[in-house]
Amino acid sequence: MKHLEVSEFLQNFNKELFESNLIDWFQDQKRDLPWRMDQDPYKIWVSEIMLQQTQVETVIPYFERFINKFPTPQDLANADEQEVLKAWEGLGYYSRARNLQSAVKEVSEKYEGKVPKTPELLSELKGVGPYTLGAILSIAYDMPEPAVDGNVMRVMSRVLSIEDDIAKQKTRKIFEAVLREIISSKDPSSFNQGLMELGALICKPKNPNCSICPVQKHCRAYHAGKQTQLPIKSKAKKQKTHAYYAVVLMNKDGEVYIEKRPNEGLLANLWQFPMINKSEIDFDYLSAWLEQTYPITTFGCKKLSPVKHVFSHVIWELEVYQFVVDVKEVEGVVGRFVSEQDLTAYPFPVSHQKIISQLSF
DNA sequence: AATCCGGGGTA
DNA sequence: TACCCAGGATT
């Protein structure tokens with residue numbers, strides 16, 4: 001029963017009744033979320049970027065602060081990137097923030113701040129992929145575009161008993177084709193949001209609550225008793241561990257040395273304490289390496305608590321040391337010494353926030 | 001088609 | 001632990 005055509009998935013499927021069952025349930029049961037207060041395309045855009053791979057409850061406080069700080073596209077376009085990253089601090093996938101600001105600048109300049117209304121123009125924007133495109137067009141502009149995310153694939157794989165591997169890129173296209181056939185033309189916004197809301201509240205990955213599901217009678221997986229076996233998803237490979245020394249260099253004034261990470265790759269443009277891979281240096285030479293790399297001479301050294309941090313694709317194990325240092329006057333140094341007070345102005349990854357929380361100034 | 005890119009919630 | 005989350009960009 002694999003790799004069927006769209007028409008085969010939809011045989012004997014009552015799409016009109018499915019549509020009304022889904023939309024009626026959504027209108028009645030939808031959560032009161034801050035990006036549902038109005039239909040401002042900018043706010044919907046911001047929310048959709050934040051919601052990528054991120055749960056609703058996590059996003060809510062970030063969204064509130066972000067919109068309060070950058071109420072309009074112009075505000076975000078004119079902001080300093082460091083300010084934007086600071087507002088994103090702790091949310092993860094920081095390229096979302098940089099791409100969003102870049103795209104908002106483009107909208108501000110080319111379209112007078114109006115979010116474009118066509119798939120072609122929208123998909124040109126950085127950070128707007130197939131899902132976000134459909135979400136913006138359907139929710140902000142009531143256009144019948146599919147918005148296929150993890151929720152939608154889980155719900156529809158069960159409803160239509162679709163057994164393709166949802167971890168594979170091409171499978172999303174199958175769901176988009178199916179959704180184009182059944183999406184409501186009357187209320188595509190409630191239809192798309194209803195599918196996602198259903199996935200979040202009822203048709204959950206584990207223990208789906210089929211007994212109260214508004215589309216139970218349409219669900220082939222439920223009727224076959226195999227709702228917990230769908231969707232099919234191949235496993236991701238395990239992360240590799242990287243071990244580093246991370247060092248806090250504190251001068252006599254209680255200021256600590258921080259440096260900006262490169263403008264691409266992991267945690268791009270965020271700040272950190274100096275780190276060196278343990279495979280590159282033995283601990284006995286750490287002090288000497290620090291003195292040749294940074295404008296300092298080291299004195300005392302004490303060990304802080306180690307930090308373990310799990311990313312989606314890699315694991316960091318940081319062995320943390322704090323050095324007392326004298327500062328030499330050197331030009332061309334990338335980092336800087338900052339006070340405890342000023343530290344709060346810089347965006348740090350959570351792994352290094354764990355180090356900051358150990359410091360006593 | 002794989003891999004890179006965060007962090008937190010949940011069973 | 002392992003899996004998941006209103007995914008997109010890069011290789």
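Protein chains get the first letters and strands the later ones, always in sequence-line order, with residue 1 at the start of each.
A cation-pi geometry, defined here as NZ or CZ lying under 6.0 Å from the six-membered ring centre and within 45° of its normal, does not hold between A:K302 and A:Y321.
Evaluated for a side chain to side chain donor-acceptor pair (under 3.5 Å) with A:K278, the options A:E317, A:H242, A:E319 yield exactly one hit, A:E319.
Of the charged side-chain nitrogens involved, none lies within less than 4.0 Å of a carboxylate oxygen, so that A:D165 and A:K233 do not count as a salt-bridged pair. Checked for salt-bridge contact, A:E83 and A:K86 miss the test: no charged N lies under 4.0 Å from a carboxylate O.
Backbone-only contact: A:F311 has heavy atoms under 4.0 Å from sugar-phosphate atoms and none from a base. Within the nucleic acid shown, A:I49 has no heavy atom closer than 4.0 Å to any nucleic acid atom. Base engagement by A:W35 is indicated by at least one non-hydrogen atom pair under 4.0 Å involving a base atom. Within the 4.0 angstrom heavy-atom criterion, base atoms lie near A:V56. Backbone-only contact: A:G90 has heavy atoms under 4.0 Å from sugar-phosphate atoms and none from a base. Here A:R261 lies out of heavy-atom contact (under 4.0 Å) with every strand.
Dashed line: the shortest gap from a side-chain N or O of A:K235 to OP1 or OP2 of C:dC3 is under 4.0 Å. Contact between the side-chain N/O atoms of A:H313 and the OP1/OP2 oxygens of B:dC5 is found at a separation under 4.0 Å. OP1 or OP2 of B:dG7 lies within a sub-4.0 Å distance of a side-chain N or O belonging to A:Y94. OP1 or OP2 of B:dA2 has at least one side-chain nitrogen or oxygen of A:K168 nearer than 4.0 Å. Of the side-chain N and O atoms in A:H309, one or more sit less than 4.0 angstrom from OP1 or OP2 of B:dG7. The phosphate of C:dG8 (OP1 or OP2) has a side-chain N or O of A:T132 nearer than 4.0 angstrom.
Rounded to an integer number of Å, the gap from A:L137 CG to C:dA6 C1' is 15 Å. When the C1' atom of B:dG7 is taken as reference, atom CG of A:L51 falls 14 Å away, rounded to whole Å. Summarising the geometry, the separation between CZ on A:F175 and P on C:dA6 is reported as 16 Å, rounded to the nearest angstrom. The OH-P distance, from A:Y93 to C:dA9, rounds to 14 Å in whole Å. If you measure from atom CE of A:M153 to atom C1' of C:dC3, you get 15 Å, rounded to the nearest angstrom. Regarding A:K233, its NZ atom lies at a distance of 15 Å from the P atom of C:dA2, rounded to whole Å. Taking atom CD on A:Q53 and atom P on C:dG8, their separation rounds to 9 Å, with Å as the unit. One atom, CG of A:L91, and another, C1' of B:dC5, lie 13 Å apart when rounded to the nearest Å.
No donor-acceptor contact under 3.5 Å links the side chain of A:T54 to the base of C:dG7.
Taking the side chain of A:K237 as heavy atoms from C-beta on, and the options B:dT3, B:dG6, C:dA6, the nearest nucleotide is B:dT3. Set against B:dA2, B:dG7, C:dA6, the side chain of A:P349 has B:dG7 as its closest nucleotide. Among C:dA9, B:dA2, C:dA6, the nucleotide with an atom closest to any side-chain atom of A:L33 is C:dA6. When distances run from any side-chain atom of A:P205 to the nucleotides C:dC4, B:dG8, C:dA9, the shortest one goes to C:dC4.
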Polar atom pairs (N or O), protein with nucleotides 9-11 of chain B, under 3.5 Å:
{"unit_1": "B:dG9", "atom_1": "O4'", "unit_2": "A:Q55", "atom_2": "NE2", "d": "3.2"}

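Taking atom P on both nucleotides, C:dA6 is separated from B:dT3 by 25 Å, rounded to a whole Å.
When each of A:M196 and A:S123 is assigned the nucleotide of DNA chain C with its nearest heavy atom, A:M196 is the one assigned upstream, toward the 5' end.
Hydrophobic clustering (ILVMFWY, side-chain heavy atoms < 4.5 Å, transitive): A:Y294 and A:F283 are in one cluster.
Checked against a 6.0 Å centroid threshold, the rings of A:F13 and A:F9 do not count as neighbours. A centroid separation of 6.0 Å or more is found between the aromatic rings of A:Y93 and A:W88. For A:F323 and A:F299, the gap between ring centers reaches or exceeds 6.0 Å.
Relative orientation of the A:W35 and A:F63 rings is perpendicular, given thresholds of 30° and 60° on the angle between their planes.
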